[in-house]
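Quick notes on the structure that follows.
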Amino acid sequence: MPIYKIAIGTPGEASHPDALRAALAEFFSMLIFVFAGQGSGMAFSKLTDGGASTPAGLISASLAHAFALFVAVSVGANISGGHVNPAVTFGAFVGGHITLLRSILYWIAQLLGSVVACLLLKFSTGGLETSAFALSSGVSSWNAVVFEIVMTFGLVYTVYATAVDPKKGNLGTIAPIAIGFIVGANILAGGAFDGASMNPAVSFGPAVVSWTWTNHWVYWLGPFIGAAIAAIVYDHIFIDDNAHQPLPANDF
């Protein structure tokens, strides 16, 4: 990937109204996504009196996250690009589709959105625990890192194919549902092993509210590596240099 595609941005960008509106859109999209996704797990736990995880619980988590992400991406797409994920933002940065300064704004908004969603869940459920992501028995931290790399690669590759590629055409209209589907499918694949985060912000909110940081680094390292690989592969192989167009500030 040519390094010239990476952009730092200008100091004034951090206070530009469009950038601030985009960051606010990321905050609300993340709040919507985490509240529904994390909330579904808390609801399942309440219905089963905190019982052990079951296939039914995994399926319900997969559906809740897929549906919620479809909505969260859709409502933010025309304002911020609907990243709803620090790893997606990092992948866009690596491909030269967003500046570093705007990426930092997005990351702050996404992390705050996740924390606020978990605080609202804790309060509205009468103090139920917002469980942090954790590794299953027999799964090492490096096993989980590989899981997160592969799953996030699939997610960011899907984002590039359906939302970033200038040749996407009408395929762009189904981007939110495709992105939701790949996350739901990956939860079915990896949820039983490491929770299938693919999203550092989704892991960050519950970790802050429950103050549980065991193996938390896994849910940052894996997604960022997977996102970078997907961005480099898709941008270098499938997006022709002559067709490469860094998206306008109010797009992706």
Side-chain angles (χ1 to χ4, degrees), residues 4-39 65 68-121 123 152 155-156 159-160 162-166 168 172-173 175-176 179-180 183 197-209 219-220 223-224 227-228 231 235 244-252:
Y4 69 81
K5 293 181 180 178
I6 293 179
I8 302 300
T10 59
E13 185 176 5
S15 58
H16 193 280
D18 285 343
L20 295 177
R21 279 193 291 268
L24 188 61
E26 285 295 307
F27 170 83
F28 285 120
S29 288
M30 183 61 73
L31 191 155
I32 290 168
F33 177 47
V34 173
F35 191 89
Q38 182 77 11
H65 283 82
L69 187 58
F70 167 47
V71 173
V73 171
S74 297
V75 299
N78 292 331
I79 308 169
S80 65
H83 294 195
V84 204
N85 187 334
V88 169
T89 301
F90 183 67
F93 165 69
V94 168
H97 300 280
I98 187 173
T99 67
L100 177 60
L101 290 179
R102 183 176 285 248
S103 296
I104 292 171
L105 282 178
Y106 278 26
W107 289 330
I108 293 171
Q110 291 158 352
L111 295 176
L112 286 175
S114 180
V115 171
V116 170
C118 290
L119 288 172
L120 289 171
L121 280 168
F123 178 78
T152 310
L155 168 59
V156 175
V159 170
Y160 261 81
T162 61
V164 177
D165 194 332
K168 63 182 181 295
T173 60
I179 293 166
V183 166
S197 171
M198 299 165 275
N199 189 327
V202 167
S203 306
F204 183 76
V208 169
V209 175
Y219 303 103
W220 285 83
F224 269 53
D235 203 76
H244 185 278
Q245 301 172 0
L247 297 180
N250 62 343
D251 274 340
F252 198 83

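Predicted model only: the values in this text are computed from it and were never measured.
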### Message
I'd like to check Val159 versus Ile179 (side-chain heavy atoms, cut-off strictly below 4.5 Å). Are they in contact?
### Response
yes
### Query
With sequence neighbours left out, what residues match Ser114 under side-chain hydrogen bond (donor to acceptor under 3.5 Å, both in side chains)?
none
### Message
Rounded to the nearest 0.5 Å, what separates atom CG in Leu69 from atom OG in Ser74?
### Response
9.0 Å
### Query
Phe224 vs Phe90 aromatic rings, parallel, tilted or perpendicular, using cut-offs 30° and 60°?
parallel
### Query
So, for Phe33 and His65, which heavy atoms are closest and what is the spacing to 0.1 Å?
CE1-O, 3.4 Å
### Close aromatic pair by centroid cut-off 6.0 Å: His83 and Phe93
no
### Query
Tell me, do Leu155 and Asn199 make a side-chain contact under 4.5 Å, heavy atoms counted?
no
### Message
Are Phe27 and Val116 packed together at the side-chain level, in the sense that at least one heavy-atom pair is separated by less than 4.5 angstrom?
### Response
yes
### Query
To the nearest 0.5 Å, how far apart are CZ in Arg102 and CG in Leu20?
9.0 Å
#### Entry: Value rounded to 0.5 Å, distance of OG1 in Thr89 from CD1 in Ile104
11.5 Å
### Query
Heavy atoms, side chains only, cut-off 4.5 Å: are Pro176 and Phe70 in contact?
yes
### Task
Would you please test His97 and Tyr160 for side-chain contact (heavy atoms from CB on, under 4.5 Å) and show each step?
CA-CA 10 Å; His97 300 280; Tyr160 261 81; 3.3 Å; yes
### Message
Within this structure, what is the NZ-OG1 distance for the pair Lys168 and Thr162, rounded to the nearest 0.5 Å?
### Response
9.0 Å
### Task
Find the distance between CG (Leu105) and CG (Leu24) and round it off to the nearest 0.5 Å.
11.5 Å
### Query
To the nearest 0.5 Å, how far apart are CZ in Phe204 and OH in Tyr219?
15.5 Å
### Query
Is there a side-chain contact between Val75 and Phe28, using heavy atoms and a 4.5 Å cut-off?
no
